[in-house]
Chemist: 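One structure coming up, written as C-alpha cells, with questions to follow.
Side-chain atoms are counted along with the backbone in the values below, which use heavy atoms only and exclude waters and symmetry mates. Quick caveat, the model's predicted, so the values are computed rather than measured. By convention in this document, chain letters (A, B, ...) are assigned in the order of the sequence lines, proteins followed by strands, and residues within each chain are numbered from 1.
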Amino acid sequence: MIAKTLRIMVEDAFAAAVRDGKLSQQELPNFILERPRLKEHGHWATNIALLLSSQQKKPPLEIARIIIDYLDDGEGRLEKVEAAAPGFINFTLGLKWIREELLRLAEGGESYGRWQIGKGEKWQVEFVSANPVGPLHIGHGRWAALGDALASLLEAVGYRVEREFYINDYGSQMDMFAQSVEARYLELLGEEVEFPEEGYRGEYIRTIAREILEREGDRWKGEASDKRRAVFKELAYRQVIDHLKKTLEEFGVVFDVWFSERSLHQSGELEATLKFLKERQLAYEKEGALWMRTSLFSDDKDRVLVRSNGAPTYFASDIAYHRNKINRGMEHIIDLWGADHHGYVKRMEAAMEAIGKPGVLECIIGQMVNLKRGGEPVRMSKRTGEMVTFEELLDEVGRDAARYFFLTRSHDSALDFDIELAKEQSQNNPVYYVQYAHARICSILRYGVERGIDVEEQAPPPHILELLATEEELDLALKLFEYEELVRDCALDRAPHRLTYYLEELAGLFHYFYTKHRVISEDLELTRARLFLVKCTRHVIRNCLEILGVSAPESM
RNA sequence: GCGCCUGUAGCUCAAUGGAUAGAGCAACGGACUUCUAAUCCGUGGGUUGGAGGUUCGAGUCCUCCCAGGCGUGCCA
C-alpha cells in the first residue's frame, strides 16, 4: 500500500496548501505514483506538480516545492522528499516504513495482493467457447490461458467470477460434423461413400467413427441415414465434449458452467427473445426473414434473426444467451472472442442495449495465433484437417510453459507461435526462471531446517529487521511492494500479461540478491532477517503464479 | 472501399501521457570447494513504419500516408 499511502499524503498536502492560500482550489488531476527507473529519483515518484502547472498558473517545480512543504511525513516514514526538474516529486522511503510493509506483507500471506474493489459483485467471463466438432486449436489455448488468468485476476480484486464455456452445439456445422462421422463409419465398414464436400476431413473424425463402431458395432449400417446421423451426432458430440473438458483440465482450466446453445432452443428462451424483440418493434419481416433493428443502436446495419428458411441465426441464439446470463444475475459480462469475431461486437452491443442492459457486456478481442514451424506458416483449418491441435502443443511444451508463453503477450497483439522455437524455449523459457526463484527459496528453507534453524518465525522484532540494509535487500523489498497495486491495475486494465513481466523482474532481483548474499550464515540474527525477506518474496511469487495458473514448484 | 487490431533491438515481445524506450532469446567474453549454475556478471545492439499536429512532456493521444492481420454472410 505504499503507493496508496503516498497518494493520500500528497492529496492531504495539496488540500493543506489550498487552505493556506498557497494553491488555488481546483479539481485534482489524475496524477500517478510510480517507481522511477533511476535510483537518483528515489523509491517512488509523482507527476502531480507537472499536471497542476497549467491550472495553477505556476511553474511545476514551484508547485512541487509547495506540496513538499505541506507534506506530513507520517511519523518519519519518509527519509527524503525532493522536487526535481521538470517538476517531479521524488520520495525516498525510510527503513522504518520498509520494515512495516514487510511485516504487513508477511501477515497478509496468501491474501496479500487481494482487494475488495469488486465488493462481491457477480461477474462472468466467457471464453474458449469452441464448436464441439473437433479438437481445440492453438488459438483456443491462448483464450483458455487468458480467460482463466483474467477471471483469477478479477477474483483477486473482489469480484465473484464465474467461468463459462458456451457450446455452439446448434446449427449446420453440427449436421456437417454428423455427416462426416457417418461417412467415416461407413468407410470403416467397407462401403463406398462419397465424403461430404464441406465435411471435416481431420483424422480425428476417423477416430470418433472407430469408437462408435467399437461400441455400437455395425447395427447402424442398414439404418436410414436421417436416423443414423441424428444418433451419431449425439454420440460424437459427447465424445468431443468429454475430450475438450479433459484437455482443458490438463491445462488447469476448469469451467463452472458449460452452457449449451441448444438448450436455449429447447427451453423456449429463443422464442421468448424473438417475441420480446417483436413486441418492442425491434424486429421486422423482410424478404421472408426476420430482421433486428440493430441499426437503431450502434450497429451499421440491421441483422437477420431468423433466415428465410425458418432457421434462427447464431445471433438470435446469442441474444437469448445474454438475456439468460442477465437472468442468472450477472452484473457484468466479459466475452473473450477471437479476432475473427470482432465484426460481431457492435451487433451484440446493440442487442444488449435492446434488452435494456447497455454497458453490461464487455467484449475483449484476442488477436490470432499464427502457427509456424521453423519459420514456415502452418495452415490451420478444421475443414482440411491440416492442423496442430492444442493437445499436441501441450504434450510437447508442457502446461506451465504453454500457459506462461500465452500470458506474456498482450491480448491485442497477434502472436507468432513457432513450434520449433517453443520446443527450444522449453529449456530457457522465462517461466523456469521465475519458478526457479521459488524453488531456490524453498531449498534455502529446507537447508535451514536441516541446520536446526527456526525458519517459521512470523514477525521478527525491529532490531532484527534493521539488519536488512544492503542495496540488494532493499531493492528486492521495494519490488515486493509494487505487487498489490500491480494486481489492482492489471485487473482493471484486463492485462494479465503485465504480471509475467513483474515476476521476471522480481525473480531477477531475487537471483541477484542470492548470489551476493548468503541467507543462512553463522550470523544468526542476520539469518533471521534474511529468512524473513526471502519468505516474503516467496509469498509474492506464489500469489502471482497462482493468478496466472502456473505452478510454484518446491524443487526443480 | 469501410471497420477493428498491429507495426518498438537480428528474433519474440514489454513499457495507466513522464525523467536517459526496457526484458528474454540469439551472439561474444567471464564466474561454481558455497543455501540448486534452470543462476550471476560484462559487451555489442534503436531515427519506436513515415509525415504533420496537440502540450511543459508523445512509443503512447489526433489527422494523413505506407505495410501486415482479421472482419465486412440469411456461416459460426
Chemist: If you only use heavy atoms from C-beta on, which nucleotide in B/C74, B/A76, B/C70 is closest to the side chain of A/Ala339?
Modeler: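 Minimum distance to the A/Ala339 side chain belongs to B/C70.
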Chemist: Starting from P on B/C56, measure out to CD1 on A/Ile48 and report it in whole angstrom.
Modeler: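 Atom-to-atom, A/Ile48 to B/C56, this comes out as 17 Å.
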Chemist: Classify the side-chain pair A/Asp302/A/Tyr284 by whether it contains a donor and acceptor separated by less than 3.5 Å.
Modeler: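 A donor-acceptor contact under 3.5 Å links the two side chains.
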Chemist: How far, in whole Å, is B/G18 from B/C41 if one measures between their C1' atoms?
Modeler: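 Roughly 31 Å separates the two C1' atoms.
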Chemist: Assuming nearest nucleotide by heavy-atom distance, tell me which of A/His411 and A/Ile365 is located more 5' along RNA chain B.
Modeler: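 That would be A/Ile365.
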Chemist: Taking the minimum atom-to-atom distance to the side chain of A/Leu415, which one of B/A19, B/C13, B/G3 wins?
Modeler: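 Comparing B/A19, B/C13, B/G3 against the side chain of A/Leu415, the answer is B/C13.
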Chemist: From CD of A/Gln367 over to C1' of B/G7, roughly how many Å is that when rounded to an integer?
Modeler: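 From A/Gln367 CD to B/G7 C1': 13 Å.
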Chemist: Among B/C70, B/C74, B/G18, find the nucleotide with the atom closest to the side chain of A/Val304.
Modeler: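 Closest nucleotide to the A/Val304 side chain: B/C74.
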Chemist: Taking atom CD as the centre, does A/Gln55 end up with more than 12 heavy-atom neighbours from other residues, nucleotides or ligands that are less than 6.0 angstrom away?
Modeler: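 Yes, the 6.0 Å shell around CD holds more than 12 heavy atoms from other groups.
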Chemist: Would you mind telling me which of B/U20, B/A76, B/U6 lies closest to the side-chain atoms of A/Glu40?
Modeler: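 The answer is B/U20, which lies nearest to the side chain.
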Chemist: Say we look at B/G45 and B/G7: how far apart would their P atoms be, to the nearest angstrom?
Modeler: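 Taking atom P in both B/G45 and B/G7, they lie 25 Å apart.
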Chemist: Checking contacts here: which listed nucleotide (B/A14, B/A19, B/A76) is nearest the side-chain heavy atoms of A/Leu38?
Modeler: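 Of B/A14, B/A19, B/A76, B/A19 is nearest to the side chain of A/Leu38.
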Chemist: Is there a donor on the side chain of A/His497 or the base of B/A14 sitting less than 3.5 Å from an acceptor on the other?
Modeler: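 No pair found.
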Chemist: Quick one: the side chain of A/Asn90 and the base of B/A19, do they pair up donor-acceptor inside 3.5 Å?
Modeler: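 Answer yes: a donor N or O sits under 3.5 Å from an acceptor.
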Chemist: What interatomic distance, in whole Å, is found between P of B/U63 and the corresponding atom of B/G3?
Modeler: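 10 Å, rounded to whole Å.
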Chemist: Near A/Asn30 CG, under 6.0 Å, is it more than 12 heavy atoms from other residues, nucleotides or ligands?
Modeler: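 Counting neighbours around CG of A/Asn30, 12 or fewer heavy atoms of other residues, nucleotides or ligands fall under 6.0 Å, so no.
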Chemist: Suppose we define a pair by two distances each less than 3.5 Å, Watson-Crick or G-U wobble; what does B/C64 pair with here?
Modeler: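 Because both required distances fall under 3.5 Å, B/C64 counts as paired with B/G50.
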Chemist: Once hydrogens and angles are ignored, does a donor-acceptor distance under 3.5 Å link the base of B/G3 to the side chain of A/His342?
Modeler: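 By the distance-only test, yes, there is a pair.
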Chemist: Do the non-hydrogen side-chain atoms of A/Phe315 and A/Val304 ever get within less than 4.5 Å of each other?
Modeler: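 Counting from C-beta outward, A/Phe315 and A/Val304 never come under 4.5 Å.
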Chemist: Using Watson-Crick or G-U wobble geometry with both distances below 3.5 Å, tell me the partner of B/C74, or none.
Modeler: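 Paired with no nucleotide.
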Chemist: Measure from CD on A/Glu126 to P on B/A76 and round the result to the nearest Å.
Modeler: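 Taking CD of A/Glu126 and P of B/A76, I get 15 Å after rounding.
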Chemist: Paired with B/A31: which nucleotide, if any, by Watson-Crick or G-U wobble criteria at under 3.5 Å for both distances?
Modeler: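 Per the H-bond distance test, B/U39.
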Chemist: Return the pairing partner of B/G44 with a 3.5 Å limit on both distances, Watson-Crick or G-U wobble; otherwise return none.
Modeler: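 WC or wobble partner does not exist here.
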Chemist: Side chain of A/Asp416, heavy atoms from C-beta onward: which of B/C74, B/A19, B/C13 has the nearest atom to it?
Modeler: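 The answer is B/C13.
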Chemist: Could you work out the separation of B/U54 and B/A21 based on their P atoms and round it to a whole Å?
Modeler: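 These two P atoms come out 24 Å apart once rounded.
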Chemist: Round to the nearest Å and state the distance from A/Tyr512 atom OH to B/G42 atom P.
Modeler: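 Value for this atom pair: 7 Å.
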Chemist: Give the rounded distance in Å between these two atoms: CD1 of A/Ile89 and P of B/G18.
Modeler: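 After rounding, the gap between these two atoms is 17 Å.
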Chemist: A/Arg37 has an atom CZ; how far is it from atom C1' of B/G18, in whole Å?
Modeler: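 Between C1' of B/G18 and CZ of A/Arg37: 10 Å.
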Chemist: Base, sugar-phosphate, or nothing for A/Asn47, non-hydrogen atoms under 4.0 angstrom?
Modeler: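 Base, at least one base heavy atom under 4.0 Å.
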Chemist: Just how far, in rounded Å, is P of B/C74 from CD of A/Glu285?
Modeler: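 After rounding, the gap between these two atoms is 16 Å.
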Chemist: If the C1' atom of B/U72 is compared with that of B/G53, how far apart are they to the nearest Å?
Modeler: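 Here B/U72 and B/G53 have their C1' atoms 31 Å from each other.
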Chemist: So is A/Arg142 actually on top of A/Phe417's ring, under 6.0 Å and inside 45° of the axis?
Modeler: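 No, A/Arg142 and A/Phe417 do not form such a contact.
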Chemist: Give the rounded distance in Å between these two atoms: NE2 of A/His511 and C1' of B/A37.
Modeler: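 Roughly 11 Å, once rounded to whole Å.
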Chemist: Within a strict 4.5 Å, meaning less than it, do heavy atoms of the A/Asn168 and A/Tyr314 side chains meet?
Modeler: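 In contact.
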Chemist: Could you work out the separation of B/U34 and B/G24 based on their P atoms and round it to a whole Å?
Modeler: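 Per the computed distance, 26 Å lies between those P atoms.
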Chemist: Could you give the distance separating B/C40 and B/G50 at their P atoms, to the nearest angstrom?
Modeler: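 Each nucleotide's P atom is 34 Å from the other's.
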Chemist: Of the candidate nucleotides B/A76, B/A38, B/C35, which contains the atom at the shortest distance from the side chain of A/Tyr514?
Modeler: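 For the A/Tyr514 side chain, the nearest candidate turns out to be B/C35.
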Chemist: If we count only N and O atoms by modelled type, under 3.5 Å, do the side chains of A/Ser298 and A/Glu349 hold a donor and an acceptor together?
Modeler: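 There is no such pair between these side chains.
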Chemist: Out of B/A37, B/U39, B/A38, which nucleotide sits closest to the side chain of A/Met556?
Modeler: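 In terms of side-chain proximity for A/Met556, the closest of B/A37, B/U39, B/A38 is B/A38.
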Chemist: When you compare B/A51 with B/C5, how far apart are their P atoms, in angstrom units rounded to a whole number?
Modeler: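 B/A51 and B/C5 have their P atoms separated by 23 Å.
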Chemist: Between A/Glu287 and A/Asn429, name the one whose nearest nucleotide on RNA chain B is closer to the 5' end.
Modeler: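 The residue mapped nearer the 5' terminus is A/Asn429.
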Chemist: Using a 4.0 Å heavy-atom cut-off across all strands, classify A/Glu505 as base, sugar-phosphate, or nothing.
Modeler: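 Since no nucleic acid heavy atom lies under 4.0 Å of A/Glu505, the category is nothing.
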Chemist: With the six-membered base ring of B/G71 as reference, does the ring of A/His341 sit under 5.5 Å away with planes under 30° apart?
Modeler: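 Stack criterion not met.
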Chemist: For A/Phe88 and B/G18, are the ring centres under 5.5 Å apart with planes inclined under 30°?
Modeler: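 Not stacked: fails the 5.5 Å / 30° test.
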Chemist: By nearest atom, which of the nucleotides B/A14, B/C35, B/U39 is closest to the A/Tyr447 side chain?
Modeler: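 Selected nucleotide: B/C35.
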Chemist: OP1 or OP2 of B/A76 versus the side-chain N and O atoms of A/Tyr321: is any pair under 4.0 Å?
Modeler: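 For A/Tyr321, the contact criterion (side-chain N or O under 4.0 Å from OP1 or OP2 of B/A76) is not met.
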Chemist: Tell me whether the OP1 or OP2 atom of B/C75 has a side-chain N or O from A/Arg307 closer than 4.0 Å.
Modeler: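 Result: yes.
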Chemist: Under 4.0 Å, heavy atoms only, any strand: does A/Ser413 hit a base, just the sugar-phosphate, or nothing?
Modeler: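 The residue A/Ser413 makes sugar-phosphate contact but no base contact.
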Chemist: Less than 3.5 Å between a donor and an acceptor, one on the side chain of A/Thr313 and one on the base of B/C74, is that the case here?
Modeler: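 Checked by distance alone, the answer is no.
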Chemist: A/Phe88 and A/His41: aromatic ring centres closer than 6.0 Å?
Modeler: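 No.
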Chemist: Which nucleotide, B/U72, B/C70, B/G18, lies nearest any side-chain atom of A/Lys301?
Modeler: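 For the A/Lys301 side chain, the nearest candidate turns out to be B/U72.
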Chemist: Tell me what A/Ala495 touches on the nucleic acid: a base, only sugar-phosphate, or nothing, going by heavy atoms under 4.0 Å.
Modeler: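 Nothing: the residue A/Ala495, judged by heavy atoms under 4.0 Å, touches no strand.
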Chemist: Classify the angle between the aromatic ring planes of A/His341 and A/Trp337 as parallel (below 30°), tilted (30 to 60°) or perpendicular (above 60°).
Modeler: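 Correct class here is tilted.
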